[in-house]
Undergrad: 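My questions all concern the structure below.
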4 protein chains.
Amino acid sequence: MLVVMEKGASEEAIMKVSEKLEERGFVVHLTRGVERTIVAGVGDPTRGTDSSIEAIDGVDRVIGIMTPYKLASREFQAEDTVIEIGDVTIGGKEIQIMAGPCAVESRGQALEIAHIVKNAGAKIMRGGAYKPRTSPYDFQGLGEDGLKILKEAGETYGLKIITEVMEPGAVEMVAHYSDILQIGSRSMQNFPLLKKVSEIDKPVLLKRGLSATIGEWIMAAEYILSGGNRKVMLCERGIRTFESFTRNTLDLSAVAAAKQLTHLPVIVDPSHATGKWRLVNPMALAGITAGADGLIIEVHPRPSEALCDGSQSLTEENFNKLLAKIKQVANAVDREI
Amino acid sequence: MLVVMEKGASEEAIMKVSEKLEERGFVVHLTRGVERTIVAGVGDPTRGTDSSIEAIDGVDRVIGIMTPYKLASREFQAEDTVIEIGDVTIGGKEIQIMAGPCAVESRGQALEIAHIVKNAGAKIMRGGAYKPRTSPYDFQGLGEDGLKILKEAGETYGLKIITEVMEPGAVEMVAHYSDILQIGSRSMQNFPLLKKVSEIDKPVLLKRGLSATIGEWIMAAEYILSGGNRKVMLCERGIRTFESFTRNTLDLSAVAAAKQLTHLPVIVDPSHATGKWRLVNPMALAGITAGADGLIIEVHPRPSEALCDGSQSLTEENFNKLLAKIKQVANAVDREI
Amino acid sequence: MLVVMEKGASEEAIMKVSEKLEERGFVVHLTRGVERTIVAGVGDPTRGTDSSIEAIDGVDRVIGIMTPYKLASREFQAEDTVIEIGDVTIGGKEIQIMAGPCAVESRGQALEIAHIVKNAGAKIMRGGAYKPRTSPYDFQGLGEDGLKILKEAGETYGLKIITEVMEPGAVEMVAHYSDILQIGSRSMQNFPLLKKVSEIDKPVLLKRGLSATIGEWIMAAEYILSGGNRKVMLCERGIRTFESFTRNTLDLSAVAAAKQLTHLPVIVDPSHATGKWRLVNPMALAGITAGADGLIIEVHPRPSEALCDGSQSLTEENFNKLLAKIKQVANAVDREI
Amino acid sequence: MLVVMEKGASEEAIMKVSEKLEERGFVVHLTRGVERTIVAGVGDPTRGTDSSIEAIDGVDRVIGIMTPYKLASREFQAEDTVIEIGDVTIGGKEIQIMAGPCAVESRGQALEIAHIVKNAGAKIMRGGAYKPRTSPYDFQGLGEDGLKILKEAGETYGLKIITEVMEPGAVEMVAHYSDILQIGSRSMQNFPLLKKVSEIDKPVLLKRGLSATIGEWIMAAEYILSGGNRKVMLCERGIRTFESFTRNTLDLSAVAAAKQLTHLPVIVDPSHATGKWRLVNPMALAGITAGADGLIIEVHPRPSEALCDGSQSLTEENFNKLLAKIKQVANAVDREI
């Protein structure tokens, strides 16, 4: 931690800052410039931040210089985390495609889509049973009935199931029916939920919050890792910016950055990011070349009848075309599918 | 709902859109331009949005034109909602000041601050017992012990208590110890939590999400209102932008807008918005002139020893100065304190 | 400048960084932590930034710690800059109101509005002759004819004139007809234009760029100051965020911050910031309490006939009401009008 | 244009809106809902927007529904624009790489880099002679001397030259020394400059503004196209968001969108977008798969000695590696290099 003092800060202020840092276990170094003094506190990165130092008279600014996460960092673990779910691996050479509807609407719909997903060669099915919706008047999902349908669809077609969990009290139930728990964008900093999923033995896909920095996203993963669950994958799904042509702005440099900063698998969601099916194809390919380990894509046999997110769903035909293209691009960057 | 068709969309496509809208209970009007046709679906605003229409071939764009909320709107209720908590009213002529520490740190600290708050003339004490923190290694709050301390402080000094609740499972417990439940910024779209607080009989302060639009913020309030709890107040606490000098960007036009669009009381939090105590004073005053019904402010007797958010906390002296100033400004805009 | 080395950076890398900093005239201090070394370069803040140091192997990050501007800072000049234009002062105790149409549309319109502005008690008239418009098909302003009309209006009613200049080649001409040159938001980093206005003897109102940080805004002012023109005032007119209900997001904390960081007068433009005349009133008042030295407001006798920005223009009646309100609020914060 | 009336708007207000639209040449259609009336004005998209209608009493909102650009649109020209500069084509099957230093620093440096660029197989050299810099104290470029050096480097190695022009008065001079004029991000809405380059016969690369929407970016291109210069290419170089790990946020969905909405070539600048050379490689590849027609990349033989942007410059070795990789990826998406 670097504490930049104000111009003309008193010796007393400098001493107070130094003592405070020492109290908290930091080793202190002073740099005295012509104009300003800098107090550096060196020590354990997991000691937490401390904005109270900024409240000392004479302090201009506090700058954190150490990576605030530990278990998620490449420095802690150099080799890639590879998550195994039965015979499916995430984070290895193979790129995984997770596909399915925004929401489970009925048993028939789910089985029909499972068939499409399986046929196309994907190994993981997505589908929401609990849907976070902006409006209380919109379809909220089928709940536990939806989970049962998903489980059946997965078993019928030999697909792993990923689905969202929205509250701590539902974690065990959702985990019972699924293979991967999804923490949605709006829940990225739902800390009680993060703590709860850190205690179970199921892979977790952690979507980046709508306006979360890369650092905050990794810190959210650190909550899960530090609680004991090491099977965490990150998912970039678009951030909120001023641009409104796309639903969100897919931040692919965050994918490349996350691959450099952490050892965790990174998945890209081009469907929610763009909100437009015509943009899903190029963004899916771009995600692969940016370094993603997988994609999560919305597929619906009849998008115009979907109960949610129809505008961003691929039809069977378009999904199949995309997978053929992904294969070519994956090979070009030494990955396979 | 307006459906803008693509240039040269077929008659068949236009019919399909029209039928779809009629199926869902909308009355349909067609506007045929030289270049494009627009299909307008007129009906009940709480019917929900429908992005699946965008998936019909030939559709360019769907534009929602009706206010997606109902109970929160000025059209539904013209007069201001005034929330009464014993002898304290929020949303009336009197401006309410909620003040206290970021986090309850100890019984002694809480009682000392309650004394400061009371002495300054404020009627509501704030304080966190459950703290949402970016890092798992930072202080997470005292939990239920903190709530007990708050309750004691409130009773000792005759102050109402507002404190944050972070998960559905804790709502009843937190409500037991406090007078107002705070839904934090990160929880604004924690829908299970919104549904839970909609079922109890306690006022709720709903903070605007870090990157929530004004519309989404009001829709979150609509969740609580439509669940049966009409004692909702909104709180603007800064949004996330590219600017990093301030912790967040206080959006005071959202305060003025919320007062025009809804009948709910609006509170401003200049402490979290700016992250700098030197900016709290001008932003608190600006909040009042923008139309706020109250302020929520961090106060700490020794900010440099605070366990969180010291840099944005006012000392007793600065808090007292601010209140004197607020009085003058409130009078200038026909409010009182 | 602080150079944070990577974990395990070599001695050679540390030496290279140190030498580089010394070459450029900095005094170097090393802080060796358990994990990382920090190289501090201490010296003249106007030496410029240096991203090339980040390209040295072993460097993690470069952090600028010194204020990158000098002439604009409170440290350079403690007392407020007060700009005098004849008998009108900007930056003193009196709050100045600049009012008028978005664009000069005709001699009749300009004279009619000048009359309204004068009658209401304002001393400065705004009006655009060269209009930056997003579309090439929109009204682009009357050009020099518009300037002549403005000059006449100003002389007829004893008003000072402020108008926008968009290119270096037009600075002298625009300065000939007006009392204050406005640099628009889109031109805040038009460096050839900044250099040109730095060479003339006319006050300049520098609007904050749509997405400029407070630091970049002040650096743009520094271009003008360092070129020799000390009559610079800043103008906050809203920044671009994800929020679309308002045209832009008025950042009033930037006003308070600019008053603390610099000695320059700060003006608020609530018209462009909100884009909605119903929000102009509360935001104008909030601007005053946030510390602004003046307001720039769009007024039009018949907004629905305005050739641009009608939706954000006040009628004469609303403008007069606002001024009465401003008077009360100004008094409450020890200012006058 | 759709004008959404307020609930309970009077017949008089509806008539006034209708008349206004008719006056301006629109054909008017009314849609009367239970709650609101919508007035649709149908006509020529290049008639411009009209915010003054929003100022009519009883109007809630005006929604533009027609594409505000014409010449740039796919509807106007279905086939891709291919720009020919001697034997180099931009916008065809071949992907073009533009490479070189941020700034021309000396004749020696420029010739050395030209050699690297040529050797690697690229055909266009970039390099700044006029540099827009945030600080007046930073290196501002060599000016016309820099242009002469660039011209010599281009002629010596058979490379086309692209360089930035910052003001209308310099357009002819810069055009004299170069093959492509670059309009920088800060100048995207420098309308006098856009008008000036629209009058000459040189290709123009138009960088997207830091916070420009896709629509505004295309409208800026429309300024150039409507002035008579049809050789326009767009360049995505990152937008400003809350994320600060990267210098900007590269918006690759804007690339895919621009390719769908317009017929213009689109170039990606991964260097400025990320600000970090380690991210240039993945983002360059992702740009290609997102649909870009070319890349503009910073290359410097000794980045740590560069006078600007060293941290984002590739060394010769890294540039050569990247080109090999680009070849593979280009082939995978049916492009070549």
Undergrad: Under the criterion side-chain contact (heavy atoms from CB on, under 4.5 Å), I'd like the reasoning laid out for Glu305(A) against Lys20(B): C-alpha separation, chi angles, the key distance, then a yes or no.
TA: CA-CA 9 Å; Glu305(A) 294 176 13; Lys20(B) 195 120 207 178; 3.4 Å; yes
Undergrad: What are the two closest non-hydrogen atoms of Ser211(B) and Ser211(A), and how far apart are they?
TA: OG-OG, 3.2 Å
Undergrad: What part of Arg186(B) gets closer than 4.5 Å to chain A, counting heavy atoms only: side chain, backbone, both or neither?
TA: both
Undergrad: With rounding to the nearest 0.5 Å, note down the distance linking OG in Ser135(B) to OH in Tyr223(A).
TA: 6.5 Å
Undergrad: Kindly give the heavy-atom pair with the smallest separation between Lys70(B) and Tyr137(A), and that separation in Å.
TA: CB-OH, 4.5 Å
Undergrad: Compare all side-chain heavy atoms of Leu193(A) with those of Glu167(B) and state whether any distance is below 4.5 angstrom.
TA: no
Undergrad: Do other residues, nucleotides or ligands put more than 12 heavy atoms under 6.0 Å from Glu22(A) CD?
TA: yes
Undergrad: Should the heavy atoms of other residues, nucleotides or ligands under 6.0 Å from NZ of Lys16(A) be counted, would the total exceed 12?
TA: no
Undergrad: Which one wins on heavy-atom pair count under 4.5 Å against chain A: Thr134(B), Leu194(B), Val59(B)?
TA: Thr134(B)
Undergrad: Please give me the minimum heavy-atom distance between Ser52(B) and Ala306(A), naming the atom from each residue.
TA: CB-O, 3.2 Å
Undergrad: Name the one of Ile53(B), Ile56(B), Asp57(B) that satisfies side-chain contact (heavy atoms from CB on, under 4.5 Å) with Ser304(A)?
TA: Ile56(B)
Undergrad: Where is the tightest heavy-atom contact between Gly310(B) and Ala55(A), given as atom of each residue plus distance?
TA: O-CB, 3.5 Å
Undergrad: If I measure from the heavy atoms of chain B, does Arg278(A) come under 4.5 Å with its side chain, its backbone, both, or neither?
TA: side chain
Undergrad: Could you tell me which non-hydrogen atom of Met166(A) sits nearest to which non-hydrogen atom of Asn190(B), and how far apart they are?
TA: O-OD1, 4.4 Å
Undergrad: Go through it in stages, so that I can follow the logic: the residues are Arg240(A) and Thr213(B), the test is side-chain contact (heavy atoms from CB on, under 4.5 Å), and I'd like the CA-CA distance, side-chain angles, deciding distance and then a yes or no.
TA: CA-CA 10 Å; Arg240(A) 179 159 277 182; Thr213(B) 62; 3.8 Å; yes
Undergrad: Where on Ala170(A) is there a heavy atom nearer than 4.5 Å to chain B: the side chain, the backbone, both, or neither?
TA: neither
Undergrad: With respect to chain A, which residue among Pro192(B), Pro136(B), Cys102(B), Ser313(B) yields the maximal number of heavy-atom pairs within a distance under 4.5 Å?
TA: Pro136(B)
Undergrad: What part of Pro168(B) gets within 4.5 angstrom of chain A, counting heavy atoms only: side chain, backbone, both, or neither?
TA: side chain
Undergrad: Using the side-chain contact (heavy atoms from CB on, under 4.5 Å) rule, take Lys195(A) and Gln140(B) through it: C-alpha gap first, then chi angles, then the decisive distance, then the call.
TA: CA-CA 12 Å; Lys195(A) 286 175 184 169; Gln140(B) 308 272 319; 2.9 Å; yes
Undergrad: Does any backbone or side-chain atom of Ser185(B) lie under 4.5 Å from a heavy atom of chain A? Answer side chain, backbone, both or neither.
TA: neither
